[in-house]
Peer 1: 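Next up is a structure, given as structure tokens.
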Amino acid sequence: MSADVMPITENKNTKKAKAVDTPWKTALRRFTRNKLAVIGFITIVFMFILCFIGPFFSPHNLYDYSLKNKNLAPNVTYWLGTDKLGRDILLRMMLAGRISLLVGFVATFITVVVGATLGALAGFYGKFVDTIIMRVADIFMALPSLPILIILGAVLSDLKVDPDIRIYYLMVIIGILNWTTLARLVRGQILTLREQEFMQATEALGLKDGRKIFKHLLPNTIPVIIVTATLSVAGAILTESALSFLGVGVVPPTPSWGNMISAANNLIDFRKRPWLWIPPGMCILITSVAINLIGDGLRDALDPKTKK
Amino acid sequence: MVKDLVEFRNLETHFKTTAGTVKAVDNVSFTIREGETLCVVGESGCGKSVTAMSLMQLIESPPGKIVGGEIFFEGRDLLKLSKKDMSRIRGNEISMIFQEPMSSLNPVLTIGNQISEPLMLHMLLDRKAAKKRAIELITLVGISRPEKIFDSYPHELSGGMRQRIMIAIALSCDPKLLIADEPTTALDVTIQAQILDLMRDIKQKLNTSIMLITHDLGVVAEMADYVVVMYAGKVIEEAPVLELFQDPQHPYTKGLLKAKPIINQKQERLYSIPGQVPNPIDLEDNCHFHDRCEFCMDICKVKQPPFRSHGKDNHKSACWLYEEEREVL
């Protein structure tokens, strides 16, 4: 190195490096400062612990039928009472939570993979690729999703799919039907990002398209993806509950919050035995509110325009 | 005899707009020799960048299109190469530095990641070897603490450092030609000088040819071996740097040189060339500079002057002032 090329002195930068946070640290700080979001987060963690660890401490068994104990009100042995077959409501509620949370998260994962990929492809290639993908998205958006889900659920029932496997079908169906919102958002982001100079630079470096999309463009859209995905977890849980309530989602004997509240369909149960449907109903309410609080918190935390 | 590295032959790049065709690059020919720094000078919008982009084949199409001519790189016509072959040349044999160091780096990837990328792609290094080479490169461009910088994100660096990183990325695969599109325009004067020093230094070390696009004649005087002056999509003068500064021929070049402040000389006002660059849409077949030229003759308004040397072999210009034939036919 010749003497006239001065190395940039580092003293001012070492100080700066300590003061400057990574974008993620800043986001985390903003998120933890949002009380509601933190409450939401703690609630979700609590729900997970309740549903996934709680059942191990239960003295009851999921398949303990005892008609002698049917329709008991909450008491010392059965904390939340029993249903019409004498099964413990608390245990069923916890196990149902596993299913509901799992459906919510797996369906969202599928939504993210499908939506982000298709949105990125549409935004990056433009022209006819964009036209095809976005018109298909329009078609998906134009179709009312609940009737379709009910039809697909009915088909599954007709094919006599095993209840355990049926859950996975349900995850895929809910996941795939939701891809359009995310695809649109990602596409919009990619459209502006690909005109940035750093993308021209990747072109000048001779990078391949796949690398450009998945390594250079998609990481830039992660904030959008995280926020949308979080909110869509709540949506997926609600959809699953609605379907199960209608009897075309998760079907008995596998418990889910949705098919547990379908007990409220029965007028006597609805009026005389609120312990049958209030606990799962509360679970759905608390979970979806908590997830939405987290989503809002994340949106504020990841938005670069809010400077706090 | 120094070998020719790149030769532009009658290159024509047009942009189709609804208002008409813009001939951004109109019949441009010049050569870049090995180990030489060639400066392309001209006002904004005269086709400097488009010429460079045509060489890299990074013209957005549509609306842009290379409609004619050839670009030879080491004897191969780049315009005839397949997309795949071309992307093997980009970043590997020809690389490019952009004007805006602030936006040329991807904000979500670390510096190291971005320097290693072309190394792993073109030189087929594994991650470890790429990291070693990347750290060497960061040191080469004069940044201390390369290991620390390797793991930093672009927003943690200053503009000058980012431009150095861009140079490091451009140099990563030992390119034969480095295109620098106004690399110092966005930087302040002291950093400008450092970056130019760095580029000169690297050129000497690696014997890389440089195609430097600029509108700053100070930069030209400091860096260039050979200068090409462009106006409205055409080359109007080319000469070795000393020759051009001592004896400019085209009135436009004269005007540019006159518009430069001179040290130790008090000037009330800097000279400026009157008028503006003509609207590039559907230009007529005349000297595009005629309405701003103080020596404008009748023939200038109706016919294009030929581009050739007038007396000196390596000094060419396109102006009727130096032609015998001046009558309007």
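Chain letters run A, B, ... following the sequence lines, proteins first and then strands; every chain starts at 1. In what follows, every heavy atom counts, from backbone to side chain, and hydrogens, waters and symmetry copies are set aside.
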Peer 1: Given that the side chain runs from C-beta out, which part of B:M199 has a heavy atom under 4.5 Å from chain A: side chain, backbone, both or neither?
Peer 2: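 Looking at B:M199, nothing touches chain A.
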Peer 1: If you count the non-hydrogen atoms of other residues, nucleotides and ligands that lie under 6.0 Å from NZ in B:K65, is the total more than 12?
Peer 2: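 For B:K65, atom NZ is not crowded (no more than 12 foreign heavy atoms under 6.0 Å).
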Peer 1: Flag yes if more than 12 heavy atoms outside A:F41 fall under 6.0 Å of its CZ atom; otherwise flag no.
Peer 2: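 Open: at most 12 neighbouring heavy atoms sit under 6.0 Å from CZ of A:F41.
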Peer 1: Heavy-atom distances under 4.5 Å only: say whether B:L105 touches chain A with side chain, backbone, both or neither.
Peer 2: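 Backbone only.
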Peer 1: Kindly write out the residues that satisfy side-chain contact (heavy atoms from CB on, under 4.5 Å) with A:Y168, not counting sequence neighbours, or none if the list is empty.
Peer 2: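 Checked A:Y168 against side-chain contact (heavy atoms from CB on, under 4.5 Å); matches are A:M171.
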Peer 1: Please round to the nearest 0.5 Å and tell me the distance separating atom CG of A:L207 and atom OG of B:S87.
Peer 2: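 With rounding to 0.5 Å, CG (A:L207) is 9.0 Å from OG (B:S87).
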Peer 1: Just how far is it from atom CD of A:E203 to atom CD of B:Q57, taken to the nearest 0.5 Å?
Peer 2: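 Here the rounded value is 10.5 Å.
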Peer 1: If you count heavy atoms of other groups shown closer than 6.0 angstrom to CZ of B:F72, is the number above 12?
Peer 2: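 It does: B:F72 CZ has more than 12 such atoms within range.
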Peer 1: Quick check on the structure: residues of residues 176-201 of chain A within a heavy-atom distance below 4.5 Å of chain B, by number.
Peer 2: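 Answer by number: A:E197, A:F198, A:Q200, A:A201.
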Peer 1: Is it the case that more than 12 heavy atoms not belonging to B:R127 sit under 6.0 Å from its CZ atom?
Peer 2: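 Check fails, neighbour count at 12 or below.
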Peer 1: With side chain to side chain contact (heavy atoms under 4.5 Å, CB included) as the criterion, how do B:L121 and A:K208 come out once you've worked through the C-alpha distance, each side chain's angles and the decisive distance to 0.1 Å?
Peer 2: CA-CA 9 Å; B:L121 180 79; A:K208 295 195 177 69; 3.5 Å; yes
Peer 1: Applying a heavy-atom distance below 4.5 Å, give me the residues of residues 111-118 of chain B that approach chain A, sorted by number.
Peer 2: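 Listed by number: B:N113, B:E117, B:P118.
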Peer 1: Any side-chain to backbone donor/acceptor pair from A:H216 onto B:V108? Under 3.5 Å, distance only.
Peer 2: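 Side chain of A:H216 to backbone of B:V108: no pair is present.
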Peer 1: Do other residues, nucleotides or ligands put more than 12 heavy atoms under 6.0 Å from the CZ atom of A:F52?
Peer 2: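 Counting other residues, nucleotides and ligands, CZ of A:F52 exceeds 12 neighbours.
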Peer 1: With a 4.5 angstrom heavy-atom cut-off, could you sort out which part of B:M53 is near chain A: side chain, backbone, both or neither?
Peer 2: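 The answer is the side chain of B:M53.
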Peer 1: Kindly compute the distance separating CD1 (B:I169) from CG (A:L205), expressed to the nearest 0.5 Å.
Peer 2: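 The CG atom of A:L205 is 6.5 Å from CD1 of B:I169, to the nearest 0.5 Å.
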Peer 1: May I ask you to list the residues in residues 100-108 of chain A that approach chain B closer than 4.5 angstrom, counting heavy atoms only, ordered by number?
Peer 2: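 At a heavy-atom separation under 4.5 Å, chain B is reached by no residue of residues 100-108 of chain A.
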